[in-house]
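Quick notes on the structure that follows.
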Amino acid sequence: MTPFTHLNAKAAPLPMMNVDTDIIIPKQFLKTVKRTGLGVSAFYDIRYNDDGSVRDDFAPAQDAYKGAEILVTGENFGCGSSREHAPWAILDMGFRCLIAPSFADIFYNNSFKNGILPITLPKDQVTQLMQEVQENPDATIEIDLEKQTVTRGNKFSFHFEIDPFRKHCLLNGLDDIGLTLEKSATIRSYEEKRHAEKPWL
Amino acid sequence: MTDTPRTLFQKIWDDHVIERDDNGTCLIHIDRHLVHEVTSPQAFEGLRMAGRPVHALDKTLAVIDHNVSTAPDRLTNLGNEDSRIQIETLRTNCEEFGVQLFDISDKRQGIVHIVGPEQGFTQPGMTIVCGDSHTSTHGAFGALAFGIGTSEVEHVLATQSLIQSPAKSMRITVEGKTAPGVGAKDIILAIIGEIGTAGGTGYVIEYAGQAIRDLSMEGRMTICNMSIEAGARAGMVAPDETTFQYMKGRPMAPKGDHWDMAVKWWKSLATDEGATFDREVVLKAEDIAPIVTWGTTPEDVVPITGSVPNPDDFDDENKQNSARRMLDYMGLTAGTNMTDIKIDKVFIGSCTNGRIEDLRVIADLVKGKKVAANVEAMVVPGSGLVKQMAEDEGIADILKEAGFDWREPGCSMCLGMNPDQLSPGERCASTSNRNFEGRQGKGGRTHLMSPAMAAAAAITGKLTDVRELTE
């Protein structure tokens with residue numbers, strides 16, 4: 001996994017609440033057997049007109065936000081289905097960091113597995129950030145995972161919370177499976193004990 | 001540790017911790033892993049690239065459900081090219097890694113969350129995962145069951161464990177008895193309406209109270225299934241006699257001495273007297289009426305006797321804007337009586353309401369009646385065994401006679417990954433779990449409700465209070 005340490009990039013606004021994973025990547029694109037190539041289909045129904053042109057009201061796909069690597073959005077982002085195609089699509093679209101007042105659990109979890117940093121900030125701070133990126137599409141936002149800060153030049157700087165284990169994995173680009181397999185002996189002894197106590201399991 | 005009163009969730013959690021780090025993050029053992037074709041290909045590919053085997057084949061079961069056609073000719077026609085590739089990829093992966101698969105031609109094939117309980121693969125006290133958010137269904141047995149993403153599917157395949165941080169606990173007590181015409185689906189829709197789609201975020205919910213105890217296993221599964229629609233990590237109900245009766249004799253349930261040992265353990269799982277929850281919510285069953293949704297999130301509920309809400313009446317400006325957008329998408333006008341809303345399609349099925357009990361309820365209601373001329377109604381049994389049972393009991397004949405389309409088992413129109421979809425602007429009375437924009441087909445308009453309410457709508461051609469049909 002690609003480590004995430006530091007990001008200095010443009011941010012795109014998506015001021016909607018309850019953006020569910022069906023919106024992020026509609027079902028017809030789940031039929032892939034790969035992780036890549038979903039970016040062009042991300043947010044399909046709210047991004048494209050019927051003739052395939054980009055909708056004017058979908059800011060993240062406008063020229064002004066070209067190259068943005070941060071997405072600022074509303075509450076309960078990523079609710080609904082567990083499809084990891086949602087973070088895959090967002091990553092493939094070019095975003096490495098998401099900022100919202102809250103995220104749905106499974107989506108939040110899936111993001112970390114793909115080197116995406118989801119940042120939860122209080123609602124008023126997200127509103128401030130949203131206004132800033134709407135008014136100044138060229139504004140660069142600085143994310144420092146080590147220090148746990150979101151900074152916009154000398155205008156504002158916010159601190160965010162993150163689980164220490166997740167932070168460690170992201171900073172070092174660690175693969176969970178590799179980490180767990182180092183504990184094979186512990187896993188085996190747990191399984192043997194469990195089988196002895198509850199042999200039907 | 002055992003002296004402190006513990007909740008059902010805490011007991012199961014403690015029992016599965018392999019290792020705990022200083023921050024509370026745990027490596028937990030997984031007892032059962034269900035696999036389907038949509039969220040597994042990249043996980044198997046990961047194993048293949050790393051040269052890793054499946055760690056515990058006896059704890060892993062695969063089913064084809066999301067993509068599969070529900071048409072009678074499906075054994076020879078796998079639908080479009082992409083669906084065919086995904087289905088065949090699962091077959092190849094199961095064969096290569098040695099995972100047991102219920103293929104389309106197998107009588108036991110069906111929706112993964114119907115199949116697990118039906119086979120006794122799902123049991124109380126277990127941790128159960130699947131790359132599908134509705135895995136919460138299995139919590140009805142007093143198991144800790146939750147949906148995971150594909151990276152975690154690969155993690156479980158490789159290690160039979162997961163890295164997890166502990167959840168907060170919430171108890172939702174539904175006191176008293178429900179009124180006639182009100183069932184499990186109405187209870188869970190009322191709960192989601194009460195706490196909201198993000199109300200359960202970070203929590204594992206335990207459902208308690210007489211109205212929950214009175215439910216069959218099928219009803220409890222409907223409740224736990226939709227825990228994810230309230231944002232919860234999982235939902236669960238403590239196992240009791242109803243649970244044991246359901247379990248006994250299932251093909252994969254414990255047998256002989258093991259059965260007795262298992263029941264003894266299962267009985268010890270209920271939340272201890274004096275155990276505390278991070279949040280408690282209490283509802284009165286008698287206050288719950290048959291419910292339908294009006295918007296595009298499952299919290300947008302209204303009793304069938306109510307009307308489409310006015311966006312201006314919401315407190316929060318964001319909610320007002322989102323309600324306007326929803327009414328526009330749903331093609332509804334504020335103030336319209338719910339019972340004046342005409343429908344085009346009816347979908348009865350899904351992991352929420354595709355069980356035999358659901359089909360019995362609708363057969364009773366529609367016997368001798370006809371589906372309205374303006375409506376296309378389909379019934380999709382949750383598994384091959386549910387289908388078989390319904391045919392043996394004469395349910396299928398009653399439904400066909402009434403004009404329902406009787407299909408083969410699968411996820412069908414719940415998520416429209418297969419040919420069963422709504423067309424733009426079509427309005428559907430659906431027993432599924434999500435009314436999201438485009439969920440059942442681009443531009444499709446979904447109203448969630450119970451099987452009884454959906455059957456009533458099929459007969460009258462509009463949203464209907466089922467109590468008026470049965471009086």
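Note on naming: letters A, B, ... go to the chains in the order of the sequence lines (proteins, then strands), and numbering restarts at 1 for each one. Here the structure is a predicted model, which is why all the values come from computation and not from measurement.
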Applying a strict 4.5 Å limit to non-hydrogen atoms, the region of A/Asp176 in contact with chain B is both
Whatever's closer than 4.5 Å to a heavy atom in chain B on A/Glu197 counts as backbone
Residue part contacting chain A, namely of B/Asp316, when any heavy atom lies under 4.5 Å
side chain
Is the backbone N or O of B/Ile148 less than 3.5 Å from a side-chain atom of A/Glu84, with the two atoms forming a donor-acceptor pair by type?
no
Tell me, for A/Thr32 versus chain B, whether the close heavy atoms (under 4.5 Å) come from the side chain, the backbone, both or neither.
both
Segment of B/Thr197 engaging chain A (4.5 angstrom heavy-atom cut-off):
both
Heavy-atom cut-off 4.5 Å, strictly under: side chain, backbone, both or neither for B/Thr201 against chain A?
both
Residue among B/Cys130, B/Pro41, B/Ala158, B/Gly149 with most heavy-atom pairs under 4.5 Å to chain A
B/Gly149
Could you tell me whether B/Asp257 atom CG has more than 12 heavy atoms of other residues or ligands within 6.0 Å of it?
no
Taking the basic N atoms (NZ, or NE/NH1/NH2) and the acidic carboxylate oxygens, is any pair closer than 4.0 Å for B/Glu154 and A/Arg35?
yes
Comparing B/Val153, B/Asn80, B/Thr39, B/Thr296 against chain A, the one with the most heavy-atom pairs below 4.5 Å turns out to be B/Asn80
Per-residue tally against chain B (heavy atom, under 4.5 Å) across A/Ile23, A/Asp45, A/Thr21 peaks at A/Asp45
Taking the side chain as C-beta and beyond, is there a heavy-atom pair between A/Leu201 and B/Gln123 under 4.5 Å?
yes
B/Gly147 and A/Ile106 have their tightest heavy-atom pair at O-CD1, 3.6 Å
Can you tell which part of A/Leu179 gets under 4.5 Å to a heavy atom of chain B, answering side chain, backbone, both or neither?
neither
Give, as side chain, backbone, both or neither, the part of B/Trp265 having an atom under 4.5 angstrom from any heavy atom of chain A.
side chain
Side-chain contact, heavy-atom cut-off 4.5 Å: B/Val38 with A/Lys31?
no
Distance check, rounded to the nearest 0.5 Å: A/Thr127 atom OG1 versus B/Asn318 atom CG?
7.5 Å
Between B/Asp132 and A/Arg83, does any NZ, NE, NH1 or NH2 come within less than 4.0 Å of an OD or OE carboxylate oxygen?
no
Honestly, the part of B/His66 sitting under 4.5 Å from a heavy atom of chain A is neither
What do you reckon, is NE2 of A/His195 surrounded by more than 12 foreign heavy atoms closer than 6.0 Å?
no
Quick one: are B/Arg325 and A/Met16 in side-chain contact, heavy atoms under 4.5 Å?
yes
Between A/Lys113 and B/Thr150 (side chain of the first, backbone of the second, donor and acceptor by atom type, cut-off under 3.5 Å), is there such a pair?
no
Less than 4.5 Å to any heavy atom of chain A: does that hold for the side chain of B/Asp15, its backbone, both, or neither?
both
Is A/Lys183 salt-bridged to B/Asp21, going by a charged N under 4.0 Å from an acidic O?
no
Can you tell if the side chain of A/Gln28 reaches within under 4.5 Å of the side chain of B/Met417, non-hydrogen atoms only?
no
Could you tell me whether A/Tyr44 atom OH has more than 12 heavy atoms of other residues or ligands within 6.0 Å of it?
no
Minimum heavy-atom distance B/Ser133-A/Ser82, with the two atoms named:
N-OG, 3.4 Å
Measuring from atom OG1 of A/Thr180 to atom CD of B/Glu19, what distance do you get when rounded to the nearest 0.5 angstrom?
9.0 Å
The interface call for B/Glu81 against chain A, heavy-atom contacts under 4.5 Å, is neither
Given A/Asn18 and B/Ser322, is the side-chain contact (heavy atoms from CB on, under 4.5 Å) satisfied, shown in steps?
CA-CA 9 Å; A/Asn18 293 317; B/Ser322 105; 5.6 Å; no
When rounded to the nearest 0.5 angstrom, what distance separates CD1 in A/Ile177 from CD in B/Glu152?
10.0 Å
Checked A/Asn110, A/Asp105, A/Asp175 vs chain B; the most non-hydrogen pairs under 4.5 Å come from A/Asp105
Which atoms of B/Met126 are under 4.5 Å from chain A, going by heavy atoms: the side chain, the backbone, both sets, or neither?
side chain
Counting only non-hydrogen atoms closer than 4.5 Å, does B/Arg434 touch chain A with its backbone (N, CA, C, O), its side chain (CB onward), both, or neither?
side chain
Please state whether the side chain, the backbone, both or neither of B/Thr159 comes within less than 4.5 Å of a heavy atom of chain A.
both
Counting only non-hydrogen atoms closer than 4.5 Å, does A/Ser81 touch chain B with its backbone (N, CA, C, O), its side chain (CB onward), both, or neither?
both
Under the ring pair (Phe, Tyr, Trp, His ring centres under 6.0 Å) test, residues paired with B/Phe436 that sit two or more places apart:
none
Under the 3.5 angstrom rule, does the side chain of B/Arg439 hit a backbone N or O of A/Asp22 as a donor-acceptor pair?
no
Quick check for you: to the nearest 0.5 Å, what is the distance between A/Asn109 atom CG and B/Phe146 atom CZ?
9.0 Å
What distance do B/Asn23 atom CG and A/Asp163 atom CG have between them, rounded to the nearest 0.5 Å?
6.5 Å
If we define contacts as heavy-atom pairs under 4.5 Å, which of A/Ala86, A/Ser102, A/Pro26, A/Pro199 has the most with chain B?
A/Pro199
Regarding A/Lys198 and B/Asp31, does a basic nitrogen lie under 4.0 Å from an acidic carboxylate oxygen?
no
Could you tell me if the side chain of B/Lys255 sits less than 4.5 Å from the side chain of A/Trp200, heavy atoms only?
no
Would you call A/Tyr190 and B/Val17 a side-chain contact if the rule is heavy atoms closer than 4.5 Å?
no
Please state whether the side chain, the backbone, both or neither of A/Phe103 comes within less than 4.5 Å of a heavy atom of chain B.
backbone
Looking only at heavy atoms, the pair that brings A/Arg194 and B/Gly125 closest together is NH2-O, 4.3 Å
Starting at CG of A/Leu30, measure out to CD of B/Gln86 and round the result to the nearest 0.5 Å.
7.5 Å
Under a 4.5 Å cut-off applied to non-hydrogen side-chain atoms, are A/Asp50 and B/Lys442 in contact?
yes
Does a sphere of radius 6.0 Å around CG in B/Asp22 hold more than 12 heavy atoms from other residues, nucleotides or ligands, not counting ones at 6.0 Å or beyond?
no
